[in-house]
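Every chain is numbered from 1 and lettered A, B, ... according to where its sequence line falls, protein lines coming before strand lines.
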Number of protein chains: 2
Amino acid sequence: MNASKSATLSDDTAYESASAMTPLALRTAIRRGEHTGPTTGYASGYLQGNLAILPNSYADEFLQFCAKNSKSCPLIGMSEPGSPFIPALGKDLDIRTDLPGYRVFRGSADYTSVSDLTDIWRDDLVTFVLGCSFSFEAAITRGGVRLRHMDARRNVPMYVTNIQTAAAGRFHGPLVVSMRSFAASDAIRAILYSDRYRLAHGAPVHIGDPAQIGITDIMKPDFGNEPVIEEGDIPVFWACGVTPQMAIRNVMPEFAITHEPGLMLVTDVLAEAAEFSL
Amino acid sequence: MNASKSATLSDDTAYESASAMTPLALRTAIRRGEHTGPTTGYASGYLQGNLAILPNSYADEFLQFCAKNSKSCPLIGMSEPGSPFIPALGKDLDIRTDLPGYRVFRGSADYTSVSDLTDIWRDDLVTFVLGCSFSFEAAITRGGVRLRHMDARRNVPMYVTNIQTAAAGRFHGPLVVSMRSFAASDAIRAILYSDRYRLAHGAPVHIGDPAQIGITDIMKPDFGNEPVIEEGDIPVFWACGVTPQMAIRNVMPEFAITHEPGLMLVTDVLAEAAEFSL
């Protein structure tokens, strides 16, 4: 028993609590197949990212799309064409192996789920990493404001709005938002806390009446789970990382890769970094 | 004509535009009786303050009241007992002469309006200066968000809420709020802009349903003018400097002095000062 326990403890990653784990230790565990599930709650305090990998022939237009829609598509990193590395985002980071799951699209809405991109990697692929909501959600809960979807162990509800993104080349589509509802005073705090995290969608884009942004039934989200809304709550809407995924689906490139929802790239960049240079 | 014009231009204060005027130049003009009206819009970028002058026997309790209710009573300066000077708030500042108008209370709700306190000054008076809403309103409009009460040339509407302040000694009373209504996206910006100005009431205390804080008819404010609320607006409520005035009225000291509404103390402290030491 003792020998076995010692052997386990000598591993870099075992027995560390999820939130205290370093990003490098988590990525290493993912690469080894030791961590296969969602990354939420791991490596607390570090930016996690949405993934979009496109052939180089789409890269300039997608970069422009991100620049024009920085609230829904906050770019935190980008690779050289063909390179699976983004040194600025993490030590020893390999985009082909360091996420727990990927979706591979080949010119249609159907996709294949894989846990390793090594065999299908191409010399013309460009990787984009976009900030996600985990950082601002962590800031809100650290501030003592509870998130109803987390308490209910549900996914956050997401909605397609009637707000159009700014098109760039072939990329276009609606703004998708996530919704969290709060008592009024908590809504104010959530707005203030999230604003700091500009690379994680920042402050909300809407509060109050869902119909004003084209949401006809708040109890029926387009993605995620049914919301938990308590008496007197005010709904608060943030730009959502599903926005770029819908824009990519509108173009339907012959090849594209995204992360599996919830299975994100965990970077070495501190969530507190107010700005980040590529 | 030329001689006359030269003579006028040699004056410190004449011909300066209101917003570009320095606080010292404005206070000097007030002291000389050359400026007698509201201070809104003057000496842009500098903190303006609400005034409360009390006998020393009330000072400790009122200071505690401010400390416990910093959102409605943000203390930006305090004098020594009997001293009409607060050097930290302004060069050559004399509290007896440097506001355009004062209200003098002598143990009842009735008051006398005066423009100079020199003849009635007492050796036991302590002056408190509290931040006011001008600084955050200026930040909101600088950010490109319009204030409906300003566009309509009205006073901001103010309401007594069902939220109680934290009592301190004899001082107690309800929280009074001011209300500004906005389109949703502007409401979010107004929340973010105002939060920076912690010494000017900071972020709002409530958004949305007025009934949640005991306001039964938003069209009938307790102070100020009827609000302008446009279709789809969301009301946003900030803690208001009338709160300490109501607390003082609840005590009804034998002697107390406040400023005339809108006729504030203009300080040398930059509105951007995030924190201020007494």
Side-chain angles (χ1 to χ4, degrees), chain A residues 69-72 136 139-140 143-145 159 161-166 175 177-198 200-215 218 229-240 274, chain B residues 69-72 136 139-140 143-145 159 161-166 175 177-198 200-215 218 229-240 274:
Chain A
N69 299 283
S70 61
K71 203 129 187 173
S72 52
F136 84 71
I140 290 171
V145 176
Y159 308 82
T161 72
N162 63 5
I163 303 168
Q164 289 299 306
T165 58
L175 175 71
V177 294
S178 60
M179 191 286 290
R180 295 158 190 81
S181 78
F182 307 90
S185 59
D186 283 347
I188 293 167
R189 292 163 68 195
I191 290 168
L192 297 173
Y193 295 151
S194 61
D195 180 56
R196 285 188 54 205
Y197 296 87
R198 304 286 162 89
H201 304 306
V205 295
H206 185 63
I207 54 175
D209 184 6
Q212 288 184 358
I213 56 172
I215 298 171
I218 197 156
I229 302 178
E230 296 193 4
E231 174 78 20
D233 269 8
I234 187 161
V236 184
F237 301 88
W238 278 267
C240 172
Chain B
N69 299 283
S70 61
K71 203 128 187 173
S72 52
F136 84 73
I140 290 171
V145 176
Y159 308 83
T161 72
N162 63 5
I163 302 168
Q164 287 300 305
T165 58
L175 175 71
V177 294
S178 59
M179 192 285 290
R180 295 156 190 82
S181 78
F182 306 90
S185 58
D186 283 347
I188 293 168
R189 292 162 69 194
I191 291 168
L192 297 173
Y193 295 151
S194 62
D195 180 55
R196 284 188 55 203
Y197 296 87
R198 305 285 162 91
H201 304 305
V205 294
H206 184 63
I207 53 175
D209 183 7
Q212 288 184 357
I213 57 172
I215 299 170
I218 197 155
I229 302 178
E230 295 193 3
E231 175 77 20
D233 268 10
I234 187 162
V236 183
F237 301 88
W238 279 266
C240 172

Under 4.5 Å from a heavy atom of chain B, the part of A:I234 involved: side chain
Option in B:D195, B:L192, B:V236 with maximal non-hydrogen atom pairs under 4.5 Å from chain A: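 Result: the option with the highest number of such pairs is B:L192.
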Against chain A, work out which of B:S185, B:G208, B:P204, B:A203 has the most heavy-atom pairs shorter than 4.5 Å and name it. B:P204
Using only atom types and a distance under 3.5 Å, with no angle test, would you say the side chain of [X] pairs donor to acceptor with the backbone of [Y]?
| X | Y | answer |
| --- | --- | --- |
| B:S72 | B:L175 | no |
| A:Q212 | B:A184 | no |
| A:D233 | A:E230 | yes |
| B:S178 | B:C240 | no |

Quick check on the interface: out of A:V205, A:D209, A:I213, who has the most heavy-atom pairs with chain B under 4.5 Å?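 Option with the top pair count is A:V205.
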